[in-house]
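Reckoned from all heavy atoms, side chains included, excluding hydrogens, waters and symmetry mates. Chain letters run A, B, ... following the sequence lines, proteins first and then strands; every chain starts at 1.
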2 protein chains.
Amino acid sequence: MGVTLKDVAERAGVSRSAVSRTFTDGASVSAKTRSKVEKAASELGYAPNALASSLTTGRTKMIGLIANNFHNPLILEVFDLFTRGLQDRGLRPLLVNLSDATDPADSVRMLRQYSVDGVIVASSTLPSSFALAFKAAGLPVVHAFGRYATAPDVHVVGIDNVACGRMAAEALVQRGYGRVAFLGGPRSATSTQDRVAGFLGALAGCPEVHVSASYASAYTFDAGRTEMQQLLQDTPAEAYFCGDDLLAVGALSAIHEAGLSVPGDIGLIGLNDMEMARWQMIGLTTIRQPVAQIIDAAIALVVSTIEDPGRPPETRLFPCRVVERQTLRALP
Amino acid sequence: MGVTLKDVAERAGVSRSAVSRTFTDGASVSAKTRSKVEKAASELGYAPNALASSLTTGRTKMIGLIANNFHNPLILEVFDLFTRGLQDRGLRPLLVNLSDATDPADSVRMLRQYSVDGVIVASSTLPSSFALAFKAAGLPVVHAFGRYATAPDVHVVGIDNVACGRMAAEALVQRGYGRVAFLGGPRSATSTQDRVAGFLGALAGCPEVHVSASYASAYTFDAGRTEMQQLLQDTPAEAYFCGDDLLAVGALSAIHEAGLSVPGDIGLIGLNDMEMARWQMIGLTTIRQPVAQIIDAAIALVVSTIEDPGRPPETRLFPCRVVERQTLRALP
DNA sequence: GGCCGGCTTGAAACCGCTTGCAATGACGGG
DNA sequence: CCCGTCATTGCAAGCGGTTTCAAGCCGGCC
């Protein structure tokens, strides 16, 4: 069940080198040998062993794809785009799930053992130290959805979370909300930190707006719901900027359950524009991340870093925009 | 940037074989050499090249994971469980996205080139010919969420879709619905065919119940919504069994938009119990697939088939159950 | 006709690791 | 004290490819 180079060579009556050459482009083979080899190969159903060739070429064409929250619907889009994008370039994704807090060092070792050509970390909650560990191991790495840095240590592709916070603040102010709040994910996530910073920063110039902040324990529906239930015990704000659509939907649920209406009693704006946000019974006003662009850039960046390992770390940020639906009151 | 067996051997002052043996368990090495080798290895930061060893052992410990609908939230659960399950057994998933109808032969070739040890096809919409192609290529393969067969050609793990159709029918009859209908996914999917067969079959014995069927163009929110909008033009049934939760949510949306209520005017029961089904603003009554069990069994099956390639094809089905929420009227 | 240069080709070394085999050495029993 | 046994070890031959190198071949030119 394994037809090899040698088999093809024998059947075609040529040397193994000849066969190898007809399958590596840019190598010098005469049309005649090539056709002999191709005939033999197709008769035998030969396909070169990619792993064996990786031994000498040093390229496996495999890219490690690392994610840690498999429960956020956004990751669906991410996986779809990543796998397709990689496949289009003849690369294969080796998937790593960091859900259960495994030791980062383990995954680094594992990916080195499998000699992936590069690594893409797709997470807005992992610290940058994580991507750095790959870089330290000599692997080209891109942190997608990572934190912006003026002097980055590794490639970062994503959005400007501070600007998103500002954008949310503006959206709320423009609609005349006077008491607003941030409802974020875990404080430890850089995305949370940046979003709240942008949000508060933008509102620092509006003394007439009252602002507060609280944090859910995770980027999940339940956490968002629980947190909003808490908030409803007290005097809630007029509108909330939720650090993630899942949180927003959880909050929405809590508000409905409390017999209040959105946006009548409370306004809500999320972040991500996950697929479900447009479902009519949700109709979440949110800030859209340009996922496709981010992923495309991440792949492009990892590929060019594989080709030129010396390439200095780079940050690529893509603009977000507010998607207006039905959880904020209309603009005046 | 690649420390090899040889480097470790030299530093430890032993032969390459000795080093190799200390890293393969079950090999005979004295405690003394072992410790020398381990010391040298850790000093050098050595990790054996899994791909190189696969050349001689014939095992890569990589499993191909094939999916074709990256937009159904259920796949999130599937990916999470699969990656974790594989990681727990020291295996790695090589992900293949079949979204864009690529030639099956291509993926077979690709997975053979990468010498995966086995393949898991996770899809309820792919024809079984697909899994068969892998088998024909000599690869151990399990079709998860595939169609039940008494004399299967490949391993199948999943649910009894016919029984699910029956279960849905019973749920509707028990609640006294007199005009019911099936709202399925694409006719070409075996899962659709089986579900409708079970549904209609169960109702064949109830002449007092009026039953009909229609099919959405895909397993998506939009398709479900569009199909329900069509149905609402005419006289809709009292309750629908939707072949997938996504369809059900789309239908739910269409019904709301038409100013009707669920379950007041129309009842809805879905299938899958995707994560969003329990969101309060959806509250979908549905039939739950035991995804975790299915995936666990799929992994177990592929692993044992790798160990014993002669193992005859097997079918493992797991029972589903109705999850009662708020889209069907209460039991009398 | 002879010579030069370029395109093809095969032999052989190597990529990093495993493993069969034979040699070595330690150890216990007779 | 000698010998057989057995665990340990190193050598060397692969695993399935790629690639360097030198040799072979061809046509074209003088």
Report task. Take atom CZ of B:Phe23 and atom P of C:dG16, then tell me their distance rounded to the nearest Å. Result -> 16 Å
Query raised in the report: Which atoms form the tightest heavy-atom contact between A:Asp7 and A:Gly2, and what is the distance?
Result: OD2-O, 3.8 Å
Query raised in the report: Quick one: do A:Asp194 and A:Arg147 make a salt bridge, cutoff under 4.0 Å?
Result: yes
Report summary line: Separation of D:dT18 atom C1' from A:Arg16 atom CZ, nearest Å, is 10 Å
Report summary line: Taken to the nearest whole Å, NZ/B:Lys6 to C1'/C:dT18 is 17 Å
Report summary line: From CZ of A:Arg21 across to P of D:dT18 the rounded distance in Å is 11 Å
Query - Candidates D:dT19, D:dT8, D:dT18 - which lies nearest the side chain of A:Leu5 - result: D:dT18
Query raised in the report: Does A:Glu38 come within less than 4.0 Å of A:Lys36, counting only side-chain N to carboxylate O?
Result: no
Query raised in the report: Does the pair A:Arg84 and B:Ser99 meet the rule for a side-chain contact (heavy atoms from CB on, under 4.5 Å), with working shown?
Result: CA-CA 8 Å; A:Arg84 296 241 290 269; B:Ser99 287; 3.5 Å; yes
Report task. Tell me whether the OP1 or OP2 atom of C:dT9 has a side-chain N or O from A:Thr33 closer than 4.0 Å. Result -> yes
Query raised in the report: Are A:Arg112 and A:Asp117 close enough for a salt bridge, meaning some N to O gap below 4.0 Å?
Result: no
Query raised in the report: Taking DNA chain C as the partner, which of residues 51-59 of chain A come within under 4.0 angstrom of it by heavy atom?
Result: A:Leu55, A:Thr56
Query raised in the report: Are A:Ser15 and C:dG10 close enough that a side-chain N or O sits under 4.0 Å from OP1 or OP2?
Result: yes
Query raised in the report: At under 4.0 Å, does any side-chain N or O of A:Ser28 touch on OP1 or OP2 of C:dC7?
Result: no
Query raised in the report: Regarding B:Thr33 and B:Ser30, is there a side-chain donor-to-acceptor distance under 3.5 Å anywhere?
Result: yes
Query raised in the report: Which nucleotide sits closest to the side chain of A:Ala18: C:dC17, C:dG10, C:dT9?
Result: C:dG10
Query raised in the report: If we fit an axis to the first five pairs and another to the last five of the helix from C:dG1-D:dC30 to C:dG30-D:dC1, what angle do they make, to the nearest 10°?
Result: 50°
Query raised in the report: Do the side-chain N or O atoms of B:Tyr114 get closer than 4.0 angstrom to the phosphate oxygens (OP1, OP2) of D:dG16?
Result: no
Report summary line: From the list B:Val116, B:Ile120, B:Ile299, side-chain contact (heavy atoms from CB on, under 4.5 Å) with B:Ile63 holds only for B:Ile120
Requested in this report: Specify the separation, in whole Å, of atom CD of B:Gln113 and atom C1' of D:dC15.
Outcome: 17 Å
**Report entry** Cationic N near anionic O, under 4.0 Å, A:Asp106 to A:Arg109
**Finding:** yes
Requested in this report: Taking the six-membered ring for Trp and the single ring otherwise, decide whether the centroids of B:Phe82 and A:Phe70 are under 6.0 Å apart.
Outcome: no
Query raised in the report: If you find the nucleotide of DNA chain D closest to B:Lys32 and the one closest to A:Ser17, which residue's nucleotide is nearer the 5' end?
Result: B:Lys32
